[in-house]
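The next block holds one structure in the form of structure tokens; read it before the comments.
Order of the sequence lines fixes the chain letters, A, B, ..., with proteins taken first and strands second; residue numbering starts at 1 for each chain.
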Amino acid sequence: MGNCFAPISPDSADSEDEPPSAAAAGPGRSTGRTSERQPRPSSSSARNPSQDRNRSHPSRRQSTSKRIRKHSRSSSLFSMGGPSLDALRNYATLSHPQSSLSPSKLLISNKTTLAIFDNYPKAKYHFLILPRYPFPPQSNPDSKNSILPLNALDDLKSLLLCDDREAREEVMRALYNTALEVEEMIKDEMLKTEGYEWKVDMGFHAIPSMKHIHLHVISDDRISPSLKTKKHHNSFRPDLGFFIPIMEVQRWLDDDSNIQERVAALSDAERLLNTPLTCHKCDEFITNIPKLKNHLEKHFVDERASALRYIARHGTQRSSDEDMF
DNA sequence: GTTCTAGAAC
DNA sequence: GTTCTAGAAC
């Protein structure tokens, strides 16, 4: 692992003044790893800062603006006497996130979205994609109009219930396009650090803990010191119903005749977090978290060995190594 | 969301 | 005795 965290610098991230890098493309895998991606320097990295944050270069920390320091104080949980549900919203409403947020917080931004490091990553790579507000930011600075009311961006439920079908699809498309870009950065980093790429999941929590809709982009290893409880693990199982893959949400939007039922199911999803602990890769029942951690490490080592063997033999990676086990 | 810790499980 | 979870507190 070693020196693998080098957050993308403000100068090298997508400029807010540039058009969204992939915003013109609609959802679809074909838009993911193509020339539409913005170039970035080879020193940039998508690795989470969790274990490496304290080792970041002092000059990087010192360059953090007063505004950021003020922001991070006010956004810390409970500093205001209770849980701040607004930490993400504070990010989403910044008019100049790139100058306001430190490179260890902000991965990339464009006109409509931000990609930030998850503060408590539940896997080796874990990012959050947020729609900016107003959505989209108005070119006329005097206009405060958003195509959506702010509360439509509270969470997945409120977006699904929003009357403006076109607007909610536009939000979803913007989130998805940025997620594809982030996925590609993650996979570049996987190649650099481990020599192969593994699966990345994208989805929403049915009942998020913080206000402002956010799309999780998380590698499927689920190996992280911050993954500490059964609920943490269950909350990212794509098969359980608490973590809603974005493709599923897209299907809901394509046929919105059952939206009320979908929303009811989201509201009832809390109980799913108490599902018995089983491995999300092989379904084996696991009695406790330390054993799950050992089990997942073993999956990771086995998958890597298998992928590297295949690459050595064929010169290229098999398309879906996660299906090999 | 995380941290803390009592008491259950081993 | 130690490890671990789960609920309360924050």
- Atom NZ of A/K231 to atom P of B/dT3: distance rounded to whole Å? 17 Å
- Item | d(NZ, A/K230; C1', B/dA8) in whole Å | 14 Å
- Find the distance A/I289:CD1 to B/dA8:P and express it as a whole number of Å. 21 Å
- Note on the structure: Taken to the nearest whole Å, CG/A/L273 to C1'/C/dA6 is 13 Å
- Query: Out of A/R237, A/H299, A/H233, which residue meets the side chain to side chain donor-acceptor pair (under 3.5 Å) rule with A/H280?
  - Reply: A/H233
- Rounded to whole angstrom units, what separation is found between the NZ atom of A/K293 and the P atom of C/dC4? 11 Å
- Is the backbone of A/A152 close enough, under 3.5 Å, to the side chain of A/S158 for a donor and an acceptor to pair up by distance? yes
- Query: Taking NZ from A/K291 and P from B/dA9, how many angstroms apart are they, rounded to a whole number?
  - Reply: 14 Å
- From CD1 of A/I286 across to P of C/dT3 the rounded distance in Å is 20 Å
- CG of A/N119 versus C1' of B/dT3: gap in Å, rounded? 15 Å
- Proximity of A/H212 and A/H214 rings by center, below 6.0 Å: no
- Are the ring centres of A/F236 and A/H126 closer than 6.0 Å? yes
- Assign A/K228 to base, sugar-phosphate, or nothing according to its heavy-atom contacts below 4.0 angstrom with the strands shown. sugar-phosphate
- Nucleotide of C/dA6, B/dT2, C/dT5 approaching A/N288 most closely (side-chain heavy atoms): C/dT5
